[in-house]
Undergrad: 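Got a structure for you, written out below as structure tokens; questions coming shortly.
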Protein chains: 2
Amino acid sequence: MDIQLKRGLLDVCVLAAIKNDDSYGYKIIKDMKPYIELSESTLYTILKRLESSQMLTVRMFEYQGRLRKYYHITKQGLKRLDEFNDDWKEMLAIHRFITREEGSNE
Amino acid sequence: MDIQLKRGLLDVCVLAAIKNDDSYGYKIIKDMKPYIELSESTLYTILKRLESSQMLTVRMFEYQGRLRKYYHITKQGLKRLDEFNDDWKEMLAIHRFITREEGSNE
DNA sequence: TGAAATACTTCGCGATACGATGTATATCAT
DNA sequence: ATGATATACATCGTATCGCGAAGTATTTCA
């Protein structure tokens, strides 16, 4: 998948990954992997970004000696996911423009 | 439309805009406008990028005293457009991931 | 005569995905 | 027991890229 195409998708994908259940970094990557891959450095950057824009909240838990940060989606995060549907509609129109056949130019 | 979402779409949109008929900068912007907007500085950067990666070729013409650069899509450009279909399929899967409902997390 | 449209160009900024690298602990095979 | 692999999070620097701002010209039209 083209790297440029991933931008703008990644943020919403991460939000979607914690939409139903709180989750943590490593698990988010594994859950997303079948659909879209991202490196750890990318994910933690995104999580920090989403936190500072109040799309999610963070709570720390100790799990088997290891530290885990659990991410919880906020109302704003859910709103963002909802708004993505509008963007998606635009994407569909753009896709039609890209794949349209001859004769549309005047 | 989110700026990040546009990345990766713009290149193929520009190629799509010259797919059927050679075109020039100002016209490309106007043709794309109903679907996706971009500034002149963005377009000319893209056109230069697509030229140096052999996705299109350029020919200069004088039109009513004004200089016009006509862009013509190459075989590679058409191939790029074709390959976008694969990316689009991945996008559809990602979209399903984003909009899926409860219960997919184990 | 001057504003708006046409047409292309260059520069610098901000956003951001990623590889490289680092720090720890747990688990599992040998 | 020991070493490899998996788990878990963090930081830094680099490259890419869209865009606003500003510039240069000419044509069209009020």
Side-chain angles (χ1 to χ4, degrees), chain A residues 1-15 17-18 22-33 35-53 55-71 80 87 90-91 94, chain B residues 1-15 17-18 22-33 35-53 55-71 80 87 90 94 106:
Chain A
M1 169 89 148
D2 177 50
I3 185 178
Q4 300 306 322
L5 223 37
K6 286 168 76 173
R7 300 174 85 118
L9 249 25
L10 284 178
D11 277 37
V12 271
C13 279
V14 169
L15 287 175
I18 62 167
D22 292 0
S23 189
Y24 55 94
Y26 220 73
K27 184 167 191 298
I28 292 170
I29 287 177
K30 284 207 288 185
D31 288 342
M32 286 175 61
K33 195 151 194 158
Y35 307 97
I36 188 167
E37 291 190 50
L38 78 174
S39 68
E40 291 177 65
S41 58
T42 301
L43 177 66
Y44 290 110
T45 309
I46 290 173
L47 286 169
K48 218 159 264 176
R49 187 162 65 234
L50 291 174
E51 188 193 358
S52 64
S53 56
M55 299 288 172
L56 50 78
T57 54
V58 194
R59 276 178 306 169
M60 310 259 286
F61 281 111
E62 175 116 0
Y63 177 80
Q64 294 181 334
R66 265 193 235 98
L67 188 74
R68 267 191 193 166
K69 294 175 88 168
Y70 281 85
Y71 298 91
R80 175 87 198 286
D87 280 334
E90 285 188 58
M91 302 269 281
I94 291 167
Chain B
M1 170 95 160
D2 176 49
I3 184 177
Q4 300 306 321
L5 222 39
K6 286 169 75 173
R7 298 172 83 121
L9 250 25
L10 285 178
D11 276 38
V12 270
C13 279
V14 169
L15 287 175
I18 62 167
D22 293 359
S23 189
Y24 55 94
Y26 220 73
K27 184 166 189 299
I28 292 170
I29 288 176
K30 284 206 289 184
D31 287 343
M32 288 175 58
K33 194 152 194 159
Y35 307 97
I36 189 167
E37 291 189 50
L38 78 173
S39 68
E40 290 178 68
S41 57
T42 301
L43 177 67
Y44 290 110
T45 308
I46 291 172
L47 287 169
K48 219 159 264 174
R49 187 162 66 233
L50 290 175
E51 189 192 357
S52 64
S53 56
M55 300 287 173
L56 50 78
T57 53
V58 195
R59 278 179 305 170
M60 308 258 287
F61 280 111
E62 175 117 359
Y63 178 81
Q64 294 182 335
R66 263 193 236 99
L67 188 74
R68 268 192 193 166
K69 294 174 89 169
Y70 280 84
Y71 298 91
R80 175 85 197 286
D87 281 334
E90 285 188 57
I94 291 167
E106 269 108 317

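Predicted model, so just to flag it, every value in this text is computed and none were measured. By convention in this document, chain letters (A, B, ...) are assigned in the order of the sequence lines, proteins followed by strands, and residues within each chain are numbered from 1.
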Undergrad: Any chance you could list the contact pattern along nucleotides 3-16 of chain D? Use B for base contacts, S for sugar-phosphate-only contacts and - for none, protein heavy atoms under 4.0 Å, 5' to 3'.
TA: ----BBBSB----B
Undergrad: Go through A:Gln4 and B:Leu10 one step at a time and tell me if the side chain to side chain contact (heavy atoms under 4.5 Å, CB included) criterion holds.
TA: CA-CA 10 Å; A:Gln4 300 306 322; B:Leu10 285 178; over 6 Å; no
Undergrad: Could you work out, with side chain to side chain contact (heavy atoms under 4.5 Å, CB included) as the rule, every residue matching A:Glu37, not counting sequence neighbours?
TA: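 A:Glu37 satisfies side chain to side chain contact (heavy atoms under 4.5 Å, CB included) with A:Lys33 only.
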Undergrad: Identify all side-chain donor-acceptor contacts of residues 61-68 of chain B below 3.5 Å with residues at least two apart in sequence or on another chain.
TA:
residue: B:Arg68; atom: NH1; partner: B:Tyr70; partner atom: OH; Å: 2.8
residue: B:Arg68; atom: NH2; partner: B:Tyr24; partner atom: OH; Å: 3.0

Undergrad: Would you compute the distance between atom CG of B:Leu9 and atom CE of A:Met91 and round it to the nearest 0.5 angstrom?
TA: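 If we round to the nearest 0.5 Å, B:Leu9:CG and A:Met91:CE are 5.5 Å apart.
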Undergrad: Please determine whether side chain to side chain contact (heavy atoms under 4.5 Å, CB included) holds for the pair A:Asp22 and A:Arg59, giving the CA-CA distance in whole Å, both sets of side-chain angles, and the decisive distance to 0.1 Å.
TA: CA-CA 10 Å; A:Asp22 292 0; A:Arg59 276 178 306 169; 3.0 Å; yes
Undergrad: Salt-bridge test for B:Lys6 and B:Asp2: reply yes if a basic N is under 4.0 Å from a carboxylate O, no otherwise.
TA: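 No, this pair does not count.
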Undergrad: Please list, in 5' to 3' order, the outermost nucleotides of DNA chain C lying under 4.0 Å from any heavy atom of chain B.
TA: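 Listing 5' to 3', DNA chain C meets chain B from C:dT6 to C:dT16.
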Undergrad: What pairs meet the side chain to side chain donor-acceptor pair (under 3.5 Å) rule with one or both residues in residues 40-50 of chain B, with sequence neighbours excluded?
TA: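 Residue pairs passing side chain to side chain donor-acceptor pair (under 3.5 Å), neighbours aside: B:Asp11-B:Arg49, B:Ser39-B:Ser41, B:Ser39-B:Thr42.
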Undergrad: In this structure, how many angstroms lie between the P atom of D:dC17 and the NZ atom of A:Lys6, rounded?
TA: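 For the pair A:Lys6 NZ and D:dC17 P, the rounded distance is 14 Å.
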Undergrad: Heavy-atom nearest nucleotide on DNA chain C for A:Leu10 versus A:Gln64: which residue maps closer to 5'?
TA: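 The residue whose closest nucleotide sits nearer the 5' end is A:Leu10.
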Undergrad: Using 0.5 Å steps for rounding, measure from the CD1 atom of B:Ile28 to the CG atom of B:Leu47.
TA: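 Those atoms lie 5.0 Å apart.
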